[in-house]
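A, B, ... follow the sequence lines: proteins, then strands. Residue 1 opens every chain.
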Amino acid sequence: MSSPICQLCEVKSSAARHLSDKELEKMNNHCVQVSYKKGETIFKQGSFSTNITYLRSGLVKVHILGPEKEQIIKIAKAPSYLGIPTTIDEEINQYSATAIMDTNVCYIDIDTFKNFLLTNGNFSYQLVIDLCQEELASYTRCVNRAQKNAAGKIADALLFFKNEIFESSKFTLPLSREELGNLIDATRESVSRTIAELNNDGFIEVSGKHIEILREESLEIISRNG
DNA sequence: GCATTAACCACAG
DNA sequence: CTGTGGTTAATGC
């Protein structure tokens with residue numbers, strides 16, 4: 001745990017860029033920075049939510065324990081807020097956040113944060129924009145999960161990791177087969193099988209969690225048509 | 001009917 | 001935790 005210097009922060013949220021020096025100094029006095037190792041829980045569904053969580057670096061899975069099983073709602077990459085919906089007007093966390101790579105997080109005091117919302121229109125406006133983007137993205141994920149077949153969902157996920165997370169055709173999956181299934185709504189067996197097929201058909205090169213995407217265009221077609 | 005798809009089960013590595 | 005094979009239930013043509 002260490003004291004951040006918010007004024008000098010290189011990874012401010014787009015909202016926080018609208019804060020004045022004075023406000024940033026106030027933030028600095030009501031904020032702590034914590035590091036998490038891969039696998040550690042950042043906050044847990046059911047526990048008190050007392051701070052706004054801001055993801056400075058690393059990769060996190062956001063998940064909910066449903067009536068049947070664990071559902072991964074999304075993979076969150078830095079920089080982004082992690083817990084606004086579960087903190088701003090909820091006393092209890094409605095979902096969990098777990099680091100899937102080494103991760104660095106800032107906890108911002110909720111009252112300080114709310115005070116910015118009430119007094120700084122630009123800050124609030126930017127935050128609304130961010131939340132809207134996230135909500136739209138969430139609608140899209142919802143539709144895709146429900147309507148695409150297994151191959152389409154796997155292709156989606158692989159392209160997501162390539163384009164949005166690692167920005168490289170070659171990467172190491174930060175999730176187990178089971179977790180990937182929980183993310184795209186498929187069983188671990190389907191995930192294994194589909195990945196093996198994509199490998200056999202030469203679209204990707206697989207070795208355990210190491211993935212290389214060989215034919216991105218083909219994956220895009222599979223993503224669309226299944 | 002027949003084919004396809006994916007879940008469920010079981011077992012091996 | 002993974003990969004694979006057999007089985008089964010649902011759906012579509």
Side-chain angles (χ1 to χ4, degrees), chain A residues 35-47 55 57-78 82 93-105 137-226:
Chain A
S35 291
Y36 290 96
K37 294 277 183 215
K38 175 185 167 125
E40 287 187 318
T41 301
I42 297 169
F43 57 81
K44 191 170 161 68
Q45 180 177 356
S47 66
L55 179 59
S57 67
L59 204 61
V60 168
K61 68 170 175 177
V62 173
H63 49 116
I64 289 183
L65 182 58
E68 298 275 324
K69 58 181 166 59
E70 197 75 20
Q71 265 279 330
I72 299 182
I73 304 304
K74 69 165 180 175
I75 303 298
K77 70 166 174 175
L82 267 187
N93 281 316
Q94 301 297 300
Y95 51 83
S96 302
T98 303
I100 56 176
M101 288 174 43
D102 289 357
T103 284
N104 191 265
V105 159
S138 153
Y139 291 166
T140 303
R141 286 196 301 274
C142 179
V143 171
N144 285 341
R145 264 207 315 271
Q147 297 188 8
K148 288 190 179 186
N149 67 10
K153 290 188 282 193
I154 292 284
D156 263 3
L158 295 179
L159 291 172
F160 166 75
F161 282 115
K162 173 192 178 287
N163 295 324
E164 302 195 28
I165 303 298
F166 297 109
E167 295 174 28
S168 160
S169 293
K170 215 170 171 176
F171 55 86
T172 302
L173 263 185
L175 300 175
S176 70
R177 300 292 195 260
E178 166 122 47
E179 289 174 309
L180 189 52
N182 291 342
L183 173 65
I184 66 175
D185 203 11
T187 60
R188 64 172 189 82
E189 292 99 323
S190 294
V191 172
S192 281
R193 242 184 281 262
T194 308
I195 288 180
E197 281 165 18
L198 293 174
N199 183 47
N200 294 336
D201 294 343
F203 300 135
I204 61 179
E205 170 99 29
V206 183
S207 169
K209 290 189 175 166
H210 299 288
I211 308 271
E212 181 170 8
I213 293 183
L214 301 175
R215 295 204 222 145
E216 177 163 6
E217 328 72 49
S218 305
L219 286 189
E220 272 160 11
I221 293 168
I222 292 169
S223 158
R224 260 177 274 126
N225 305 327

Send over the distance from [X] [atom1] to [N] [atom2], rounded to a whole Å.
X         : N      : atom1 : atom2 : value
Ile154(A) : dT2(C) : CD1   : C1'   : 14 Å
Asn199(A) : dT4(C) : CG    : C1'   : 15 Å
Arg177(A) : dA6(B) : CZ    : C1'   : 18 Å
Arg145(A) : dA6(B) : CZ    : C1'   : 17 Å
Leu173(A) : dG3(C) : CG    : C1'   : 15 Å
Arg193(A) : dC9(B) : CZ    : P     : 14 Å
Lys153(A) : dA6(B) : NZ    : P     : 8 Å
Glu178(A) : dC9(B) : CD    : P     : 13 Å

**Complete:** Ranking dT4(C), dA7(B), dT2(C) by distance to the side chain of Ala196(A), first place goes to dT4(C)
**Message:** Can you work out whether Glu189(A) or Ala150(A) has the more 5'-proximal nearest nucleotide on DNA chain B?
**Reply:** Ala150(A)
**Request:** For a side-chain contact (heavy atoms from CB on, under 4.5 Å) with Glu178(A), tell me which candidate from Leu175(A), Asn182(A), Leu180(A) qualifies.
**Result:** Asn182(A)
**Request:** Using modelled atom types only, decide if a donor and an acceptor are shared between the side chain of Thr187(A) and the backbone of Ser190(A) within a distance under 3.5 Å.
**Result:** yes
Check the phosphate of [N] against [X], side-chain N and O only, distance under 4.0 Å to OP1 or OP2. Yes or no?
X         : N      : result
Lys209(A) : dC1(C) : no
Ser190(A) : dA6(B) : no
Arg188(A) : dT2(C) : no

**Request:** Scan side-chain atoms only and decide if Ser47(A) and Asn93(A) contain a donor-acceptor pair under the 3.5 Å cut-off.
**Result:** yes
**Request:** Check Leu198(A) against Leu219(A) and note the closest heavy-atom contact, atom names and distance.
**Result:** CD2-CD2, 4.2 Å
